[in-house]
Undergrad: 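Would you mind keeping the following structure in view while I ask a few things?
In what follows, every chain begins at residue 1, and chains take the letters A, B, ... in the order their sequences are listed.
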Amino acid sequence: MKFKVEASGLRDKLSSFLATAKGSKRFVTGLMLLFVIAGLAVFEPVINAVRLGGRKPVEIGLFERGLPPSLEHPLGTDMLGRDVLALVLVGLRYSLMVGMMAGGIATIIGMVLGISSSYLGGRIDVVLNSITNGILILPTLPLLMAIVAYVRMDMLLVSLTLAVFTWPWSARTIRAQVLSLKERPYIMLAKVTNLSDLEIVFKELLVGLIPYIVASFSFSVIGTIMAETALRMIGLGPAEIPTLGFLLGWAMTYGALAQGFYTLVLAPAVLLVLIFVALNLVNTGLDEVFNPRLKKITGL
Amino acid sequence: MKSLLQVKDLKVYYKSIWGDFKSVDGVTFEVYENEVFGIAGESGCGKSSLVDGILRLVAPPGYIAGGEVIFEGVDLLKIPEKELRRIRWTKLAYIPQGAMNSLNPVIRIEEQIIDAILDHKQMSKRKSRQLALSALKSVGLPVEVMQMYPHELSGGMKQRVIIAMAIALKPRLVVADEPTTALDVVIQRGILQLLRRLKEDYGMTVIMVSHDMAAHAQVADRIAIMYAGKIVEIGFVYDVFEDPLHPYTKGLISAIPSIGRKYVKGIPGLPPSPLNWPAGCRFHPRCTYATDVCRSVEPPMREVSPGHFVSCHLYGEKA
Amino acid sequence: MVSYAIVLFISFTVVFFSLRLIPGDPVMRFVDLMTRRYSYEMAPEIYKNVIEEYKKMFGLDKDIFTQYLCFLRELAKLNLGPSFLNFPAPAQVLILRALPWSIGLLGIATVIAWIIGVVAGTLLAWFRGSKLDHFLFTVAICMSQVPYYLMALFLVMLFAYIIPLFPPRGAYSPTLVPELSISFIWSVLRHGTLPALSLILISAFGWMVSTRSVAITIVGEDYLRFATAKGLKKRRIHNRYVFRNALLPQVTGLAMSLGFIMNGFYLVEWIFSYPGVGTLLSLALGLLDYNTIQGVILLSMFAVLTANLLIDLLYPLIDPRCLYEV
């Protein structure tokens, strides 16, 4: 696939980005961690098929109950005789799927609203901004929980609902950036030429927004996974979609801790933390890479 | 005249990914007691960095790359921080550029004046208040200012507050960085008169850094002209203005607008970059008298007439 | 003030309508849930009657706009309608019973975390570049991203089960009666430690990170430079110049983050079965207790908005620049 790139546009930015990106330890670590996690999730069906001999990991009674961690069952088995490692991998896969879908939708909504709000300015901006801030300040989780409790949902609907509650984060970031870019000379120049607003947005604005869009996406993914996990732990949400949160909730409800099934609780929790850490590292790293004010230039 | 401050070969550089910005690149001069010493030059020639260097206020990415600053026999650059803190304000005060931002926005003026007093001298709160009040009076500010917050004052008033703070402990040397920039002409006059009074009524020594030649003309006793990180001319104000030796000084003075003159002549070209000073005499790319030797050899500082020094090949072996 | 009232009103209305517009009839859902759970069979006519009766009691038989008006009217009287959990006890009774526990735990934990974080953050910025700063900062970045409830899980596992130092659930020992005695207070403290820690450990680090950034910006400001030039004592500079100025944005930040903290906190309560509003919500959700759920949602929003208002009103006390606008 050949990209026709304009003079000092994408290609230069990409190469300078890669150069600085390599220098940021955080970014690189985060990215590697992400790859590992994503790899696990993508290859989960294969891994589980191999380990379990083609049986589904959620099948009850596949193995003996309550086995401690061993070579064959690195995380032991739970009280229904399921291999914990297999369960956790399935959970990881679904968690990431929901997170990325919901995060993606949230980012898109946030982008559209954020760009229109700041670009068009005026009353639209005031209204949209108030709504954004309102949602950000208020504790929306109970409302989200109520909605999920009463409505039977499939994965798409869940993602949509999660997105509806998460978009303000990306909207705010992107709006702030557009506001600062709007006053830059090259935008004003573009406005003077006869480009339509939409063209300006796509051609000039978006390039400068890319790092913020990426950052917004990771924030949104974190936010949606967190919200989804919170929902699950209380027992809400579709049971056919076994995310890590679902696993945790199920474990808590069935007294895993009291019975000593620590790995069942520990593994999903640790994986969730790893996902958050990885995404955050990528975010901080992105910040380091794109924000010239930071340490790099001063050499300190 | 006794010498109060000797600056020897001071260098202040700034680190960057493209190399070092050599803002102050070997500056040497002497300031005598009870005089107003002006330092003039364009924006970007290193004046403010020079002040930072003298007062040891250089912050990263800047650093002091060499030189000595001898004040009352002590090298300010080498003494330990505790000693420096004790000298600061009691003997050596600073009036920064942009008084607007130099005041703590959440603390009343009264406290801001007093905290400097109390941190240096042992005295009762009441005495320090009186001291603060008298300082305010001597700069012409009313008592009410004490209870106000910085944002309630105008620019000129803030500048005066800073000056009041500076003189409260009757220091020997006051360094004022662009004291009149960003103020309107009427206020400027007041501030300049105030600075002059510091020398005449209080016997202080004042170093005034400014790009405003007219201000120097009104207030300074001696003046140093700075260009491209180095001093190019030093002398008594009268001498330098009447008979400017360095081509750059000539350019600066002819650029001062005055009611009688019809044309104002500027200096052609742009100031060079501190990353890459020109070789030889740093002014040679803009100098109408430049010769080959100017392009390759840096001219030393020579005394052309009593008290009048210049660094220029035009006044070579002749002196 | 006015905007506060407007936002409050709008959010209540939004909540009301979004809950009402959810497809399905809450009464029917509840009755169905009950019959399923307790294997109770009902003849169809009785079923219809039961539903009708309940509906009347809950005011759900009228059209939506009348419902809305009734809702507002009852809300003014602080009456949320009967709950399902403890029928026929009205929802507000349940909520009020749980409220003190929540406010106590959440309030104290948030304040402690904030204070620790802001003080530590300023100190870190002061000693910027030192090994301590580097180490704590990295730790803080990692720790602050962990969700509260996950930390709660770790803590419960570690200190309540594996090493039984703290009790894993409840607000006080079930053998005790609420009274002002030392043993009771001690029990409350013991039971509250782990939940509070789940919040504090993460929140404090979060505040540390943000305060440090703010303080570093302040250290670069002109008035800090001037303060150094004045030769002020270091402690004075730190306290009156850096810290005082760093406080300002952090106070506003506190107000804005309350909603977020509350979100995570409800789950923490549930994990510890702490008898607060969060656990109440979880139970209500499990039972589809309409009025209680609604009550908790409304209460949470009200609490956050009020806290924001309070902080807005008190802000001029610490930032003299704002005095004019009040």
Undergrad: Let's test your reading of the structure: which of C/Leu285, C/Ile293, C/Val146 forms the most heavy-atom pairs below 4.5 Å with chain A?
TA: C/Leu285

Undergrad: If I measure from the heavy atoms of chain A, does C/Met262 come under 4.5 Å with its side chain, its backbone, both, or neither?
TA: side chain

Undergrad: Look at A/Leu143, A/Val277, A/Val273 and state which one has the largest set of heavy-atom pairs under 4.5 Å with chain C.
TA: A/Leu143

Undergrad: Which heavy atom of C/Tyr149 sits nearest a heavy atom of A/Ala230, and at what distance?
TA: OH-N, 3.7 Å

Undergrad: Could you measure the distance from the CE atom of A/Met145 to the CG atom of C/Leu267? Nearest 0.5 Å is fine.
TA: 5.5 Å

Undergrad: Under 4.5 Å from any heavy atom of chain C, what part of A/Met226 do you find: side chain, backbone, both or neither?
TA: both

Undergrad: For the atom pair CG (A/Leu141) and OH (C/Tyr266), what is the distance rounded to the nearest 0.5 Å?
TA: 9.5 Å

Undergrad: Please look at A/Ser130 and chain C and tell me whether the side chain, the backbone, both or neither of the residue comes under 4.5 angstrom of a heavy atom of that chain.
TA: neither

Undergrad: Under 4.5 Å, counting heavy-atom pairs only, tell me which of A/Ile222, A/Thr229, A/Leu136, A/Leu144 racks up the most with chain C.
TA: A/Thr229

Undergrad: Surrounding CE of C/Met157 (heavy atoms of other residues, nucleotides or ligands, distance under 6.0 Å), is the total greater than 12?
TA: yes

Undergrad: Which of these passes side-chain contact (heavy atoms from CB on, under 4.5 Å) with C/Leu153: A/Leu248, A/Leu272, A/Leu266?
TA: A/Leu248

Undergrad: Give, for atom CD of C/Gln145 and atom CG of A/Asn280, the distance between the pair rounded to the nearest 0.5 Å.
TA: 3.5 Å

